[in-house]
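Just so you know, ligand 1 is whichever comes first in the structure, and atom 1 is the first atom listed for that ligand. Because the structure is a prediction, the values reported are computed rather than measured.
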Amino acid sequence: MWKKILLILGSLLLAVVVLGGAGIAWLFLRKPAMAPASSIKVSMAPERIARGKYVFTSVANCGGCHSQRDFTRVGGPEVESGRGRGTVLSDILKGLPGQVVAPNITPEPETGIGTWTDGEKIRAIREGVDKDGRALFPMMPYQLYRRLSDDDVQALVAFLDSLPPVHNPLPRTKLIFPVSVLIKSAPQPVGSVAPVDRTDRKKFGEYLVTVGVCGDCHTPVDDKHNPLPGKLLAGGMLFDTTFGKVVSANITPDTDTGTGKWSEEFFQKKFYDYKEYATNGPPPLPGPQDFTLMPWLNFSQREPEELSAIYAYLRTLPAVHNPVDTHPGFPKKPAVP
Ligand code: HEC
Ligand code: HEC
C-alpha cells in the first residue's frame with residue numbers, strides 16, 4: 001500500500017518537476033512572434049527625410065527617449081549633436097524594472113544601428129524585435145507605433161539613415177525576472193498599414209494620440225502596468241526623476257479636474273506658447289516646480305490641423321473626475337482658464 005502511494009507520489013512529483021521545468025524552460029527559450037524583416041530600401045528624397053524628421057520630433061517624439069536632452073532647461077530640449085545617440089533611461093527615471101536603455105539609433109556601425117537594414121529598423125519600430133529577434137521592452141512604445149502608416153515609418157527610417165553617426169557606447173537593457181520573460185508576448189507582426197484619413201478629424205486625432213504615446217504617460221496603470229479601467233487619459237501617473245517629480249495631468253473633458261473648460265483656441269495656445277523656446281532655445285529651468293516630462297517643445301511644432309484633430313478626439317472621451325496635483329509639494333499655479 002505505502003509502496004503504491006509512494007510510487008504515485010513519486011511519479012506525480014516527477015511530472016511536476018518535468019512539466020514545471022519544461023514550462024520555465026519554455027518561458028526562457030520561447031521566441032517572440034515575428035515575421036522576416038522586409039527587404040525594402042527607403043527613398044532618401046529630401047521631402048521624405050523632412051517628413052521623417054517631423055515624425056521623429058513631433059508626431060512620435062522618438063527623441064524624448066533616444067536623444068541626449070538638457071533637463072537643466074525648461075522642457076528638457078533635445079541636444080542637436082546628440083540626436084538619437086541613446087540614453088540610459090533608468091539613470092534618470094526611478095521605478096523601472098531593471099536597467100533600461102534607449103539605444104543609440106544613429107547609423108553608427110559599432111554603437112548604433114548602422115549595420116541594420118531598413119526593413120529591420122521598420123520591424124523594430126512597429127513590431128518590437130531587434131535585428132537578432134530579441135523582444136524589446138515595451139517601454140519602447142512599439143505596441144502603439146504599430147499603427148504608424150507605411151509612409152510615415154519609411155519616412156522616419158529615411159530620417160534615421162540621414163542622422164550624423166554618433167559613437168556612443170551604452171550598456172544593454174537588463175530587465176529583472178519575470179518581466180524579462182513576460183515581455184516576449186508583446187511583439188507582433190504588423191504587415192502593411194494604410195495612411196489614416198486626415199479629413200476625419202476624430203479618427204485622425206485618435207491616430208495622433210496613439211502614435212503620440214499620450215496614453216503611456218496620461219493613463220494611470222496598476223502595479224502590473226495594466227491601464228486602470230475607466231481612467232483613460234485621466235492622469236495621475238507619477239514620474240520620479242533625478243531632475244524633479246511630476247505627475248501627468250487629467251486630459252479628459254471633465255470640467256472640474258480635466259480640460260472640459262478649455263476652448264480649442266486655449267488648447268492650441270498651451271502648445272504654441274513653447275514655439276519660441278523650441279526654435280530659439282528655452283531658458284534655464286527656474287526650479288523643480290517647473291520640471292516636466294510633457295513634450296511641450298516637440299509638440300509645439302505640430303501643425304494646427306493636428307492639434308485641432310487631437311482636441312476633437314479628446315472631446316469624445318468619457319469625462320473622468322480625477323483631481324491631479326502635477327507638482328506635489330509646491331504651491332498650485334492659478335487654475336486655468
Ligand atoms: C518612452 C521611450 C521611448 C520612445 C518614445 C521611443 N523609444 Fe525606441 N526604444 C526605447 C527603449 C527603452 C528601447 C530598448 C528596449 C530594449 O532594449 O529591450 C528602444 C529600442 C529601439 C530600437 C531598437 C534598437 C536596438 O539597438 O535594439 C529602435 C530602432 C528604436 N527604439 C527606435 C525608435 C523610434 C524610431 C522611435 C520613435 C518612433 C522610438 N524608438 C521611440 C525607448 C523609447
Ligand atoms: C512623457 C510623458 C508624456 C507624454 C508622452 C505626453 N504627456 Fe501630456 N503631460 C505630461 C505631464 C507630466 C503633464 C503635467 C505637467 C505639465 O503640464 O507639463 C502633462 C500635461 C499635459 C497637458 C496640460 C494639462 C493641464 O491641465 O495643464 C496637456 C493638454 C497634455 N499633457 C496633452 C498631451 C497630449 C495630447 C499628448 C500626446 C499627443 C501628451 N500630453 C503626451 C506627460 C506627458
Would you say the side-chain atoms of Thr326 pair up with the backbone N or O of Val247, donor to acceptor, closer than 3.5 Å?
-> no
Using modelled atom types only, decide if a donor and an acceptor are shared between the side chain of Glu108 and the backbone of Thr111 within a distance under 3.5 Å.
-> yes
Close approach, Thr259 and ligand 2, non-hydrogen under 4.0 angstrom = no
Atom 42 (C) of ligand 2: of Met237, Glu306, Met294, the nearest heavy atom sits on Met294
Under 4.0 Å from one or more heavy atoms of Phe299, ligand 2 contributes atoms 36 (C), 37 (C), 38 (C), 39 (C), 41 (C)
Does the N or O separation between Trp296 and ligand 2 drop below 3.5 Å for any pair?
-> yes
For Lys270, the ligand 2 atoms with a heavy-atom partner under 4.0 Å come out as 27 (O)
Classify the contact between Tyr145 and ligand 1 as side chain, backbone, both or neither, using a heavy-atom distance cut-off of under 4.0 Å.
-> side chain
So, do Ser90 and Val88 sit near enough that their side-chain heavy atoms are less than 4.5 Å apart?
-> yes
Location of contacts on Val100 toward ligand 1, heavy atoms closer than 4.0 Å | side chain
Per-atom contacts, ligand 2 versus Val247 - under 4.0 Å to a heavy atom = 12 (C), 14 (C)
Taking only non-hydrogen atoms of Val101 and a 4.0 Å limit, the atoms of ligand 1 in range are 11 (C), 12 (C), 13 (C), 14 (C)
In terms of heavy-atom contacts, Val190 and Glu127 come closest through N-OE2, 3.2 Å
Which of the atoms of ligand 2 are close to Thr292, meaning less than 4.0 Å from one of its heavy atoms?
-> 15 (C), 16 (C), 18 (O)
Atoms of ligand 2, numbered as shown, that sit under 4.0 Å from any heavy atom of Val246 = 12 (C), 15 (C)
Would you check whether Asn61 has a nitrogen or oxygen atom less than 3.5 angstrom from a nitrogen or oxygen atom of ligand 2?
-> no
Please state whether the separation between atom 8 (Fe) of ligand 1 and some N/O/S atom of Tyr142 is under 2.8 Å?
-> no
Of all the heavy-atom pairs spanning Met34 and Arg123, show the shortest one and how long it is.
-> SD-NH1, 4.0 Å
Side-chain (Thr279) to main-chain (Lys275) donor-acceptor, under 3.5 angstrom = yes
In terms of residue, atom name and distance, what is the protein heavy atom nearest to atom 34 (C) of ligand 1?
-> Cys62 SG, 3.6 Å
Under 4.0 Å between heavy atoms, the region of Arg134 that gets near ligand 1 turns out to be side chain
re atom 2 (C) of ligand 1, the protein heavy-atom contact at minimum distance is Cys65 SG, 1.9 Å
Could you list the atoms of ligand 1 found under 4.0 angstrom from a heavy atom of Ile113?
-> 26 (O)
So, Arg201 side chain and Tyr311 main chain: donor-acceptor pair closer than 3.5 Å or not?
-> no
Could you tell me the residue and atom name of the protein heavy atom closest to atom 23 (C) of ligand 1, and the distance to it rounded to 0.1 Å?
-> Trp116 CH2, 3.8 Å
Atom 10 (C) of ligand 1 - nearest protein heavy atom and its distance | Met140 CB, 3.3 Å
Do the ring planes of Phe267 and Phe271 sit parallel (below 30°), tilted (30 to 60°) or perpendicular (above 60°)?
-> tilted
His66 near atom 8 (Fe) of ligand 1: N/O/S under 2.8 Å | yes
Ignoring hydrogens and angles, state whether a donor on the side chain of Ser308 or Gln268 is under 3.5 Å from an acceptor on the partner side chain.
-> no
Proximal ligand 2 atoms for Ile310, defined as those under 4.0 Å from one of its heavy atoms = 35 (C)
For ligand 2, which atoms sit closer than 4.0 Å to a heavy atom of Cys217?
-> 1 (C), 2 (C), 3 (C), 4 (C), 5 (C), 42 (C), 43 (C)
Geometric N/O contact Thr173 with ligand 1, under 3.5 angstrom | yes
Is it true that a side-chain atom of Tyr145 and a backbone atom of Ala60 form a donor plus acceptor pair closer than 3.5 Å?
-> yes
Would you confirm whether His327, through its side chain, and Phe291, through its main-chain N or O, come within 3.5 Å as a donor-acceptor pair?
-> yes
Where do Phe299 and Ile310 land on the side-chain contact (heavy atoms from CB on, under 4.5 Å) test, with the steps shown first?
-> CA-CA 12 Å; Phe299 286 173; Ile310 291 174; over 6 Å; no
Close side-chain approach of Leu228 to Asp222, heavy-atom, < 4.5 Å = yes
Under-4.0 Å salt bridge between Arg147 and Asp152 | no
Enumerated ligand 1 atoms positioned under 4.0 Å from heavy atoms of Leu156 | 35 (C), 38 (C)
Pro141 heavy atom under 4.0 Å from ligand 1 = yes
Which protein non-hydrogen atom lies closest to atom 20 (C) of ligand 1, naming both residue and atom, and how far is it?
-> Pro103 CD, 3.5 Å
Proximal atoms of ligand 1 relative to Ile105 (non-hydrogen, under 4.0 Å) | 28 (C), 29 (C), 30 (C), 32 (C)
Output yes when Lys121 and Asp161 qualify as a salt bridge under the 4.0 Å nitrogen-oxygen rule, no when they do not.
-> yes
Report yes or no: do Asn168 and Asn104 form a side-chain donor-acceptor pair below 3.5 Å?
-> no
If we number the atoms of ligand 1 from 1 as shown, the ones under 4.0 Å from a heavy atom of Ala60 are 38 (C)
Okay, side chain of Arg69, backbone of Gly76: is any donor-acceptor separation there less than 3.5 Å?
-> yes
Which ligand 1 atoms are under 4.0 Å away from a heavy-atom of Asp130?
-> 27 (O)
Decide whether the shortest distance between a heavy atom of Met139 and an atom of ligand 1 is less than 4.0 Å.
-> yes
Quick one: does Ser300's side chain have a donor or acceptor within less than 3.5 Å of a partner on Tyr272's backbone?
-> no
With a cut-off of 2.8 Å, does Ser248 place any N/O/S atom under that distance from atom 8 (Fe) of ligand 2?
-> no
Got an N/O contact under 3.5 Å between Trp262 and ligand 2?
-> no
Any sub-3.5 Å donor-acceptor pair from Tyr313's side-chain atoms to Val209's backbone N or O?
-> no
Going by the order shown, which atoms of ligand 2 are within less than 4.0 Å of some heavy atom of Leu293?
-> 1 (C), 2 (C)
Would you say Pro295 touches ligand 2, if touching means a heavy atom closer than 4.0 Å?
-> yes
Run the numbers for me: atoms of ligand 1, each under 4.0 Å from some heavy atom of Phe137, listed by number.
-> 15 (C), 16 (C), 18 (O)
